[in-house]
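Owing to the predicted nature of the structure, the values given are computational and were not obtained by experimental measurement. Hydrogens, waters and symmetry mates are skipped; everything else that's a heavy atom, side chains included, is used. Order of the sequence lines sets the chain letters (A, B, ...), proteins ahead of strands, with each chain counted from 1.
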Amino acid sequence: MAQWQRTHTCGQLRSSDAGKTVTLCGWVHAYRDHGGLVFVDLRDRYGLTQVVFDPSAGAAMHALARELRTEWVVSVTGTVTLRPEGTRNPKLATGDIEVRAQSLEILNRADTPPFEISSDEAVHEEVRLRYRYLDLRRPALQQVLILRHRLNKIVHRYFDESGFIEVETPMLGRSTPEGARDYLVPSRLHRGCWYALPQSPQLYKQILMVAGFDRYYQIARCLRDEDLRADRQPEFTQLDIEMSFVEMQDVMQVIEGFLVRVFGELLGYNISLPLPRLSYNEVMRKYGTDKPDLRFGMEIVDITDLVSNTEFRVFRQAVEQGGIIRGICVRQSADRYSRKRLEELEEFAKRYGAKGLAWLKVEVDKFSSPIEKFIPAGVQQSLRERFQAQPGDMLLFVADSEKIVCDSLAALRNHLAAELGLIRPGQFALAWVIDFPLLVWDEEENRWVANHHPFTSPVDEDLPYLETKPGTVRAKAYDLVVNGYELGGGSIRIHRPEVQQRVFRMIGLDDEQARKRFGFLLDALRFGAPPHGGIALGMDRLVMLLAGLSSIRDGIAFPKTQRAQDLMTGAPAPVDIKQLKELGLA
RNA sequence: GGGGGCGUAGCUCAAUUGGUCAGAGUGCCGGACUGUCGAUCCGGAGGUUGCGGGUUCGAGUCCCGUCGCCCUCGCCA
């Protein structure tokens, strides 16, 4: 072992180690030069240890120590010593001891970093991404990646114990219609042909079920060339699951067991099972979205029947045009919303298509509102009862098409909860959403499209109506919703070729097209496909939720910007003309 | 493609209606200091106010264009 190599890490030493001679390696986190004594906080991913350089331990070493700067990489050999009484640091795990240096080796000097590693101060993300290696050196981000590692370990342990087999699936596949935009890779050996990077291993895992693997899992990288969001990256990681001879409950139970382990082991957070199962229609009605944040109430209430005949023209017209009127009750907040702030809320609602936002402030014996005079006393009383409104509450209404009412009230609900602090930090609300429609009508393409994906099985009793009442057919699909995020989704798949053919036809894929794109799947279904189903969870989102992050990027070592660039490496970048010629692209 | 926010010293931010507004904290450099741990004290350097153009006697501030980052709608089976 070279003399500079470490015997311990910077988070390891305790008072019981006093007297030992040790060597520590790490980065200079902070230095405090008293002219005589020099204190250095040495950092590695395990923690911080204070090193003391005393002139009496060697003048040359002490002089060298005075040259140290933050982020230099050093090796220090010295004696573990109990700190003098009154100088112990309870904020550090190693705060009872210090290492009195006997020798110091500078392993590498460092330029002054563009931002302080030792500070938690928020730095513009652009700078952090350009110098990602420095950002990743910050303890906060290291803790997130360590948490992610522990999560991955739980995945492997849990699914192995539950009889699942990990199988890797190709990155280079074929492009399939529907779904997200593909990332394409040119084929050198087949001019004019392209591979597609996987949007998910969906078809492969179904094929694995046909192959008899029965229980499959994979931590799979997925790529989609779509626009980014705070919770969406172009490449992301899914926990991908597929099981044979199962129905919905079986898949859901496996995932519930997994979630109990994850939240319990990583956060000490107790999840009670079974998770609530809410129907799609119910959540759309109560929350206006299929991924409701259930950490607070403020449920949406329909009042179309109560107010459609009032004098208020906005309400009347909405109903005459086939629209609806729904609202939410914001408890004990009337005095917090001035006219100006209510206008801001209206502007917020307008971003989601609402033409306006009507409001009523509830007082003891009346409503305070510009529209109060249009609402008869009887209706006012009914509104009170329907919202269970108390004095001090505020009612907000949107009158429009069902889609706009749902979109705007759902967004408003989340916005208000954040603004009013209705969400307790560290709180989690998990639920399943089930009974999704199998097909939804696409106005732009003027055809039915698969709500989840075209391999999702219809509910058995709805199957006869697939062609006659397509909009009412339910899917054997389930989404896992956590704190307003879609953490995962899955379904029981179609395992009979004739049903698959009917669904393909309904979404406008004729037999020839279907054969061309998915012939291998249709073939496979003919060779003894077991009933099967599965699910995929977004690992990046799960990390984000577990770590309490507001962006998925902070749980990813090397994330991309909203324009899908890597600011550190500069990807994407032009390539050499020679590479293009080899591919027949130039 | 649309809407919104941000861009001033390495970093985080400030600068009334266009008029000593080129500033603070921190970091950095130098000096002092033997028990600090957000060390302290003294001194110093550091700016094309993202970039380009325009209006004006005068622009960090107003206008137009453009670039970058973030949030969002569309998009994401």
Which nucleotide, if any, forms a Watson-Crick or G-U wobble pair with B/U34, using both distances under 3.5 Å?
none

Quick check: on RNA chain B, is the nucleotide nearest A/H453 upstream (toward 5') of the one nearest A/Q565, or the reverse? Name the residue that is more 5'.
A/Q565

Looking at A/F296, does the NZ or CZ of A/R413 lie under 6.0 angstrom from its six-membered ring centre and within 45 degrees of the ring axis?
yes

Grab the CG-P distance between A/L228 and B/C70 for me, whole Å please.
8 Å

Please check if the number of heavy atoms outside A/F348 that lie under 6.0 Å from its CZ is greater than 12.
yes

With a 4.0 Å cut-off on heavy atoms, is A/A122 in touch with a base, just the backbone sugar-phosphate, or nothing at all?
sugar-phosphate

Test item: side-chain donor near acceptor, A/N281 and A/S279, under 3.5 Å:
no

May I ask you to say what A/R69 touches in the nucleic acid, namely base, sugar-phosphate or nothing, with a heavy-atom cut-off under 4.0 Å?
sugar-phosphate

What about A/D227: does its side chain form a donor-acceptor pair under 3.5 Å with the base of B/C76?
no

Looking at B/G35, does its base get a donor-acceptor pair with the side chain of A/E98 below 3.5 Å?
yes

Distance check needed: B/G74 P versus A/E445 CD, whole Å only.
16 Å

Is the phosphate of B/C73 approached by A/K350 (side-chain N or O, under 4.0 Å from OP1 or OP2)?
no

Between the side-chain atoms of A/R66 and the base atoms of B/G31, is any donor-acceptor pair under 3.5 Å?
no

For the pair A/Y131 and A/F115, name the ring-plane relationship: parallel under 30°, tilted 30 to 60°, perpendicular over 60°.
perpendicular

For the C1' atoms, the ones on B/A59 and on B/G54, what distance do you get once it is rounded to whole angstrom?
11 Å

For A/T237 and A/R221, does a side-chain donor sit closer than 3.5 Å to a side-chain acceptor?
yes

For the side chain of A/Q50 and the base of B/U36, is some donor closer than 3.5 Å to an acceptor across the two?
yes

Output the rounded distance in Å from CZ (A/R351) to P (B/G4).
10 Å

Looking at A/R88 and B/G35, is any side-chain donor or acceptor paired with a base atom of the opposite kind under 3.5 Å?
no

Do A/R128 and B/C11 share a donor-acceptor pair, side chain to base, under 3.5 Å?
no

When you look at A/R130 and A/H124, which way does the side-chain hydrogen bond (donor to acceptor under 3.5 Å, both in side chains) test go after all the steps?
CA-CA 10 Å; A/R130 191 172 313 279; A/H124 210 271; over 6 Å; no

Protein-nucleotide distance (A/E126, atom CD; B/U12, atom C1'), rounded to Å
15 Å

Grab the CZ-C1' distance between A/R229 and B/G3 for me, whole Å please.
12 Å

Base B/U36 paired with A/R83 side chain (donor-acceptor, <3.5 Å):
yes

Considering every strand and a 4.0 Å limit on heavy-atom distances, what is the contact class for A/F455: base, sugar-phosphate, or nothing?
nothing

If only side-chain N and O atoms of A/T112 are considered, is one of them under 4.0 Å from the OP1 or OP2 phosphate oxygen of B/G10?
no

With a non-hydrogen cut-off below 4.0 angstrom, is A/T561 in contact with a base, only sugar-phosphate, or nothing?
sugar-phosphate

Choose from B/C11, B/C70, B/C75 the nucleotide whose nearest atom is closest to any side-chain atom of A/V123.
B/C11

Starting at CZ of A/R138 and ending at C1' of B/U12, how long is that distance when rounded to a whole Å?
11 Å

B/G68 -> Watson-Crick or G-U wobble partner, both distances under 3.5 Å, gives B/C6

Return yes if some donor-acceptor pair links the side-chain N/O of A/R496 with the main-chain N/O of A/L525 below 3.5 Å, else return no.
no

Is there a side-chain polar atom (N or O) of A/Q562 under 4.0 Å from OP1 or OP2 of B/C71?
yes

Start at the 5' end of RNA chain B and walk down; is the nucleotide closest to A/P84 or to A/K560 reached first?
A/P84

Tell me whether A/H34 and B/G35 count as stacked here, given that the ring centres must be under 5.5 Å apart and the planes must differ by less than 30 degrees.
no

Starting at CG of A/D33 and ending at P of B/A32, how long is that distance when rounded to a whole Å?
10 Å

Among the nucleotides B/C76, B/C11, B/G35, which one has an atom lying closest to any side-chain atom of A/R100?
B/G35

Heavy atoms from C-beta onward define the side chain here; which of B/G10, B/C29, B/C69 lies closest to that of A/Y31?
B/C29

If you compare every side-chain N and O of A/T49 against the phosphate oxygens of B/C37 (OP1, OP2), does one of them come in below 4.0 Å?
no

What nucleic acid atoms does A/S118 come within less than 4.0 Å of, heavy atoms only: base, sugar-phosphate, or nothing?
nothing

Any idea which of B/C37, B/U12, B/G74 is nearest the A/D41 side chain?
B/C37

If you measure only the distance, is there a donor-acceptor pair under 3.5 Å linking the side chains of A/Y216 and A/D240?
yes

Kindly confirm whether the side-chain ring of A/F39 is stacked on the base of B/U36, judged by centres under 5.5 Å and planes under 30°.
yes

Using purine N1 to pyrimidine N3 plus N6-O4 or O6-N4 for Watson-Crick, or N1-O2 and O6-N3 for G-U wobble, both under 3.5 Å, which nucleotide pairs with B/A24?
B/U12

CZ of A/R132 versus C1' of B/C69: gap in Å, rounded?
14 Å

Taking the side chain of A/R563 as its heavy atoms from C-beta onward, which of B/C69, B/G35, B/C70 lies nearest to it?
B/C69

Answer with base, sugar-phosphate or nothing: what part of the nucleic acid does A/D225 contact at a heavy-atom distance below 4.0 Å?
nothing

